[in-house]
Amino acid sequence: MIRYSTGGSLLALALAASAPALAAAPPITSADDLGTAVSAQIACAGIFVANRAEADVLRDDIHALAPFTKAVALSVDRKAGTVTASAPGAATRTALHRPAVGCTLTTGDVPLKTLDAQAARLSPLRQLSARPWPQGDLPAPALQAAAETKLDRAALDAAVSAAFAEQNVGGYPDTRAIVVVQGGAIVAERYAPGFNQDTRMLGWSATKSIMGTLVGLLVDDGVLKLDDPAPVPEWQGKGDPRGAITLRQLLTMSSGLTFVESYKPGNESIKMLFEAGDMAALAAAMPLEHAPGTHWSYSSGTTNILSRIVFDATGGTLEGMTRFAQTRLFEPAGMRSALIEPDESGVLVGSSYGYATARDWARYGLLHLNQGEAGGKRLLSKQWLAFALTPTPASPRPSYGAQLWLNRAAPDEEGRKVLQDVPPDAFMAMGHNHQIVAVIPSQDAVIVRLGWTPEGQKFDWNKHVSRIAAALAPAAAPSSEVALMRRQGADRGAH
């Protein structure tokens, strides 16, 4: 059930039978404890960031997520901006919403007034929907007409419908949004009931790719250097072997640090995301397990270390890091709905908590498809993109670059790819619950699928992305007029 109040004083009544909302976060020792922690975080964002109805969030996000969240109840305090999750036998957990930065799971170590002060001078980006796509949301007729002549419309519509036809075992809508861009134009777009082009949706680990891009901007600026030792204070002690870890190795998941990615109580991933107020500090405290650069291991902890590096390089405050993301990436790329939620230390949780509309996730892909350009300006250097899309030598398969998944075939594994039936030049931002932003240069296309596939169930990425891709024509050199519109990010007559 959901308990709803409009005044802060009623929150105490709602929680009278449980631990105080601001008591120090207890260790997560059971699946039920994990259930209330993850529920508080994602329900807060579903209600306040995505602006969805509380009942829908409880039914379709919380109870549908996993067996250990089915007994969770929510208490929403709109005046305080908090959502509290409780369940029989589990610790009660609370998340706080701040309008420009989203939600933060509280531990009790930092007063709410302090958290509010971190974001007091920040504002959400102003939407520019009245401009043509891709900088705005108005149709771009010339781009649309040029793209439409190349694709198989019937096959594309059927492929998108097939992705929406898949249902979870519980009957919940699995796919929530699909946006397909080809030739710079949106050629397919569909949403599940309760979602639309203005609904922010969670990317989970697709956020890692965005954080990688923020690092790339600082590398392009000369503030950070790929082959310098990573500027991590915990590693600067005399004789600390972690001091040899480079920024390149962090970006390519080859730092050698210990980190257990599986999400079970007691593992580093759970402690970091749902117990720690300073996630990067927990990750940076991990010891070396392998020599830097010799072993590939996917790690959310590694990305949150990168997040703190960006935090430190942009002023060491939530305000500074958020403004950097807004002014250097989100605003110029047209991703004006995008945000990455912070932990209590003020560092954006680059491993997991990025939200954006489906169109803005598509704009992120389009930035890469257009080789780092958006709105007529270069945001990312070609050198950075070449590095980000180069397979890391430490991985046994050529499937990972710098915070991006690559669809390269593995020559010693009978051509095995991440998405077997998708072209090998594709690269992807991918996340839990089967989120994907797939960029396919050979088809001049971006395919976005956002959904909520529960634990133990599967959305067939390969089947559906390949079927959509098959309906699109191979890339062709655009006319000079269309090429100009794509570089400027607007249709003729826009300014």
Discussion item. Let's go through Arg98 and Leu318 carefully: what are the C-alpha distance in whole Å and the side-chain angles of both, what is the deciding distance for side-chain contact (heavy atoms from CB on, under 4.5 Å) to 0.1 Å, and is it a yes or a no?
Written reply: CA-CA 12 Å; Arg98 293 168 286 176; Leu318 172 60; 3.8 Å; yes
Which atoms form the tightest heavy-atom contact between [X] and [Y], and what is the distance?
X	Y	answer
Pro231	Ile309	CG-CG2, 3.9 Å
Trp384	Val219	CZ3-CG2, 4.1 Å
Arg308	Pro233	NH2-CD, 3.7 Å
Val223	Ala313	CG1-CB, 4.1 Å
Met428	Ile436	CG-CD1, 3.9 Å
Gln41	Thr104	OE1-C, 4.0 Å

Worksheet item: How far apart are the C-alpha atoms of Trp296 and Thr252, what are their side-chain angles, what is the distance that settles it, and do they pass the side-chain contact (heavy atoms from CB on, under 4.5 Å) test?
Response: CA-CA 8 Å; Trp296 184 87; Thr252 58; 5.6 Å; no
Item to complete: Go through the steps for Trp361 and Met335 under the test side-chain contact (heavy atoms from CB on, under 4.5 Å), then give the verdict.
Response: CA-CA 8 Å; Trp361 284 110; Met335 300 169 58; 5.7 Å; no
Any salt bridge linking [X] with [Y]? Criterion: basic side-chain nitrogen under 4.0 Å from a carboxylate oxygen.
X	Y	result
Arg323	Glu319	yes
Asp174	Arg449	yes
Lys113	Asp116	no
Arg248	Asp228	no
Arg176	Asp60	no

Does the side chain of [Y] come within less than 4.5 Å of [X]'s, by heavy atoms?
X	Y	value
Glu275	Ile28	yes
Lys264	Ile270	no
Arg328	Asp221	yes
Asn407	Asp425	no
Val422	Ile440	yes
Val418	Ser399	yes
Ser352	Leu273	yes
Ser442	Pro423	yes

Measure the spacing between [atom1] of [X] and [atom2] of [Y] and express it to the nearest 0.5 Å.
X	Y	atom1	atom2	value
Leu385	Gln383	CG	CD	9.0 Å
Glu234	Leu282	CD	CG	10.5 Å
Phe387	Leu404	CZ	CG	10.0 Å
Asn51	Asp198	CG	CG	9.5 Å
Leu218	Lys225	CG	NZ	12.0 Å
Met321	Leu348	CE	CG	4.0 Å

Whether the side chain of [X] engages the backbone of [Y] through a donor-acceptor N/O pair (distance < 3.5 Å, no angle test) should be reported.
X	Y	result
Glu268	Phe259	no
Asp444	Gln182	no
Gln118	Glu344	yes
Asn267	Val260	no
Thr175	Ala177	no
Lys417	Arg408	no
Thr36	Ala91	yes
Gln403	Ile210	no
Ser254	His295	no
Ser395	Thr392	no

Worksheet item: Is the Tyr298 ring parallel, tilted or perpendicular to the Tyr400 ring (thresholds 30°, 60°)?
Response: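 Aromatic pair Tyr298/Tyr400 classed perpendicular.
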Worksheet item: Any idea how Tyr353 and Trp204 line up, ring-wise: parallel (<30°), tilted (30 to 60°), or perpendicular (>60°)?
Response: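 Plane angle between 30° and 60°, so tilted.
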Is there a donor in the side chain of [X] and an acceptor in the side chain of [Y], or the other way round, less than 3.5 Å apart?
X	Y	value
Asp32	Ser30	no
Thr213	Tyr364	yes
Thr84	Thr94	yes
Thr357	Gln197	no
Gln127	Ser337	no
Thr453	Asn433	no

Practice prompt. Starting from the C-alpha separation in whole Å, work towards a yes-or-no answer on side-chain contact (heavy atoms from CB on, under 4.5 Å) for Met253 and Lys208.
Written response: CA-CA 11 Å; Met253 298 290 188; Lys208 290 179 171 69; 4.1 Å; yes
Practice prompt. Report the C-alpha distance between Thr199 and Arg52 in whole Å, list the side-chain angles of each, state the deciding distance to 0.1 Å, and finish with yes or no for side-chain hydrogen bond (donor to acceptor under 3.5 Å, both in side chains).
Written response: CA-CA 8 Å; Thr199 305; Arg52 294 170 54 219; over 6 Å; no
Worksheet item: Quick one: which of Leu214, Thr322, Val347, Leu306 gives a side-chain contact (heavy atoms from CB on, under 4.5 Å) with Phe311?
Response: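 Among Leu214, Thr322, Val347, Leu306, the one that satisfies the side-chain contact (heavy atoms from CB on, under 4.5 Å) with Phe311 is Val347.
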Discussion item. Is the distance between the ring centroids of Phe427 and Trp405 under 6.0 Å?
Written reply: no
Fill in: Aromatic centroids of Trp452 and Phe195 separated by under 6.0 Å
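So the answer is no for these two rings.
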Discussion item. Surrounding CZ of Arg378 (heavy atoms of other residues, nucleotides or ligands, distance under 6.0 Å), is the total greater than 12?
Written reply: yes
